Colleague: 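Take this structure first; my questions come after.
This structure is a prediction, so every number in the text was calculated from the model and none was measured. All heavy atoms count here, side chains included; hydrogens, waters and symmetry mates do not. Start at 1 with the first residue, then count along the sequence.
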Amino acid sequence: FREDNVLSIRQFQMAFRRLCQYTNQEDAEQEFDIEQTVNATCSKGGLLQIRYRKPRRNNIKVLLLMDSGGSMDPYRQLCSRLFQAVSRSNRFKDLKVYYFHNCLDEFLYTTPTLEEPYEKYTLDVLKQCDKDYRVILVGDATMNMSDLTYHPPQPTYKNRGYCGQDWLNYLNRRYRHVVWLNPYTKPRDNFFGDWGKTYDIIADLFPMY
């Protein structure tokens, strides 16, 4: 038994398999069923019996939101493996990946560098992702308290006048399935000041693993 192993891409891929939920498409074209064709042919003494089945399609849609920069820098390699695994999985009906810093705010980004040319309005992204999406947030949940409590000085339709905690509550109201994955593995009593307070607030909002 080792304590220095890190999660590999393969382990992430195996974990994502558990998210799959397959459904039969009622009006979908049928596909060739090799196993049933062989079984039926054998039961008929070798007389070929062609069998078909309705294809299964995974109906799970995932919105992956990842904290980038600052206190998340030590976990860059781990988050990179997570991103590679989910990108390669091909197991979801739809997958959308965006990045933020510390806590959700008015903008999400399509790259972990959080550059302005790649920013999207958070409200637009969430409106595009209907309530059937499963939301996975990745971050250490430690930040300055202002990241959770600061309200924009000019409320607009896009920012709703929301502070960071308001955006997190909005996720909870909009989606049935939201989870927070935290790479921080040190004992809880190592936290101090506002960093510990923000961790507690977020841990109360979402199931955190």
Colleague: Going hydrophobic residue to hydrophobic residue with side-chain gaps under 4.5 angstrom, can you get from Val179 over to Leu82?
Modeller: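 Result: yes, single cluster for both.
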
Colleague: Carefully, step by step, assess Ile60 and Arg134 under the rule side-chain contact (heavy atoms from CB on, under 4.5 Å).
Modeller: CA-CA 7 Å; Ile60 290 295; Arg134 311 293 177 98; 3.5 Å; yes

Colleague: Please name all residues satisfying ring pair (Phe, Tyr, Trp, His ring centres under 6.0 Å) with Tyr75, sequence neighbours left out, ordered by chain then number.
Modeller: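 For Tyr75, no residue satisfies ring pair (Phe, Tyr, Trp, His ring centres under 6.0 Å) once neighbours in sequence are set aside.
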
Colleague: Can you find a pair of side-chain heavy atoms, one from Met72 and one from Asp67, that are under 4.5 Å apart?
Modeller: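 Yes, close enough: below the 4.5 Å cut-off.
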
Colleague: Find the distance between CG (Asn144) and NZ (Lys197) and round it off to the nearest 0.5 Å.
Modeller: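 Answer rounded to 0.5 Å: 10.5 Å.
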
Colleague: How would you list, by chain and number, every residue that makes a side-chain contact (heavy atoms from CB on, under 4.5 Å) with Gln77, sequence neighbours excluded?
Modeller: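 Arg81.
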
Colleague: Can you list the other members of the hydrophobic cluster that holds Leu48, where links are side-chain heavy atoms under 4.5 angstrom apart?
Modeller: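 ILVMFWY cluster around Leu48 also holds Phe32, Ile34, Val38, Ile50, Tyr52.
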
Colleague: Identify all side-chain donor-acceptor contacts of residues 200-209 below 3.5 Å with residues at least two apart in sequence or on another chain.
Modeller:
unit_1	atom_1	unit_2	atom_2	d
Asp200	OD1	Arg188	NE	3.2
Asp200	OD1	Arg188	NH2	2.7
Asp200	OD2	Arg188	NH2	2.6

Colleague: Could you tell me which non-hydrogen atom of Trp180 sits nearest to which non-hydrogen atom of Gly139, and how far apart they are?
Modeller: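 In terms of heavy atoms, the two residues are closest at NE1-O, 2.8 Å.
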
Colleague: Within a reach of under 6.0 Å around OH of Tyr118, are more than 12 heavy atoms found that belong to other residues, nucleotides or ligands?
Modeller: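 Check fails, neighbour count at 12 or below.
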
Colleague: Taking the side chain as everything from C-beta on, heavy atoms only, tell me whether Ile136 gets closer than 4.5 Å to Leu181.
Modeller: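 Touching, per the 4.5 Å side-chain cut-off.
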
Colleague: Would a 4.5 Å heavy-atom cut-off, applied to side chains only, mark Val135 and Leu137 as touching?
Modeller: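 A side-chain contact under 4.5 Å exists here.
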
Colleague: Quick check against the 3.5 Å criterion: does Thr198 have a side-chain atom that pairs as donor or acceptor with the backbone of Ala141?
Modeller: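 Yes: the side chain of Thr198 pairs with the backbone of Ala141.
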
Colleague: Can I get a per-line list of side-chain donor-acceptor pairs under 3.5 Å for residues 95-105, giving both atom names and the distance, sequence neighbours left out?
Modeller:
unit_1	atom_1	unit_2	atom_2	d
Lys96	NZ	Asp94	OD2	3.4
His101	ND1	Ser68	O	2.9
Asn102	ND2	Asp147	OD2	3.1
Asp105	OD1	Phe107	N	2.9

Colleague: Which heavy atom of Pro155 sits nearest to which heavy atom of Pro153, and what is that distance?
Modeller: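 Taking Pro155 first and Pro153 second, the nearest heavy atoms are CD-O, 3.4 Å.
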
Colleague: Is it true that a side-chain atom of Arg160 and a backbone atom of Glu106 form a donor plus acceptor pair closer than 3.5 Å?
Modeller: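 Answer holds: no.
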
Colleague: Nearest heavy-atom pair of Tyr170 and Leu123: which atoms, and what distance?
Modeller: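 Closest pair (atom of Tyr170, atom of Leu123, distance): OH-CD1, 3.9 Å.
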
Colleague: Under the side-chain hydrogen bond (donor to acceptor under 3.5 Å, both in side chains) rule, collect the residues that match up with Asp166, sequence neighbours excluded.
Modeller: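 Scan of Asp166 (side-chain hydrogen bond (donor to acceptor under 3.5 Å, both in side chains), adjacent residues dropped) gives none.
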
Colleague: State, with a plain yes or no, whether a side-chain heavy atom of Tyr121 is found less than 4.5 Å away from one of Asn159.
Modeller: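 No, side chains not in contact.
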
Colleague: Using side-chain hydrogen bond (donor to acceptor under 3.5 Å, both in side chains) as the criterion, list what pairs up with Ser80, not counting sequence neighbours.
Modeller: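 Gln84.
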
Colleague: Taking all non-hydrogen atoms of both residues into account, name the closest pair between Asp33 and Thr37 and its distance.
Modeller: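 That closest heavy-atom pairing would be O-OG1, 2.7 Å.
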
Colleague: Filter on side chain to side chain donor-acceptor pair (under 3.5 Å), then keep only pairs touching residues 42-51, sequence neighbours left out; what's left?
Modeller: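 For residues 42-51, and leaving out neighbouring residues, there are no side chain to side chain donor-acceptor pair (under 3.5 Å) pairs at all.
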
Colleague: I want to check something: taking the side chain as every heavy atom from C-beta on, are Leu148 and Cys163 in contact at a cut-off of under 4.5 Å?
Modeller: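 A side-chain contact is absent here, since even the closest heavy-atom pair is not under 4.5 Å.
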
Colleague: Under the rule for side-chain hydrogen bond (donor to acceptor under 3.5 Å, both in side chains), what residues qualify as partners of Thr111, not counting sequence neighbours?
Modeller: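 side-chain hydrogen bond (donor to acceptor under 3.5 Å, both in side chains) list for Thr111, sorted by chain: Thr113.
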
Colleague: Give every residue pair that meets the ring-ring contact (aromatic ring centres under 6.0 Å, His included) criterion with at least one member in residues 132-163, sequence neighbours excluded.
Modeller: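 ring-ring contact (aromatic ring centres under 6.0 Å, His included) check on residues 132-163 returns Tyr162-Trp167.
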
Colleague: Does any pair with a residue in residues 120-131 pass salt bridge (charged side-chain N to carboxylate O under 4.0 Å, His left out), and if so which ones, sequence neighbours excluded?
Modeller: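 Sorted pair list: Lys61-Asp130, Asp124-Lys158.
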
Colleague: Find out whether Asn59 and Asp132 are in side-chain contact, i.e. whether some heavy atom of one side chain is under 4.5 Å from a heavy atom of the other.
Modeller: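 They are not in side-chain contact.
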
Colleague: Quick one: does Arg173's side chain get under 4.5 Å of Leu171's, heavy atoms only?
Modeller: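 The answer is no, as the side chains (C-beta and beyond) never meet within the 4.5 Å cut-off.
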
Colleague: Of all heavy-atom pairs between Tyr175 and Leu126, which one has the smallest distance, and what is that distance?
Modeller: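 That would be OH-O, 3.2 Å.
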
Colleague: Going by the rule ring pair (Phe, Tyr, Trp, His ring centres under 6.0 Å), which residues pair with Phe83 if we only count those two or more places apart in sequence or in a different chain?
Modeller: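 Phe83: no ring pair (Phe, Tyr, Trp, His ring centres under 6.0 Å) contacts found.
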
Colleague: Starting from the C-alpha separation in whole Å, work towards a yes-or-no answer on side-chain contact (heavy atoms from CB on, under 4.5 Å) for Arg53 and Gln36.
Modeller: CA-CA 9 Å; Arg53 65 183 176 189; Gln36 290 302 317; over 6 Å; no

Colleague: Is there a side-chain contact (heavy atoms from CB on, under 4.5 Å) between Gln13 and Arg10? Walk through the geometry before answering.
Modeller: CA-CA 5 Å; Gln13 289 173 322; Arg10 175 64 175 168; 4.2 Å; yes

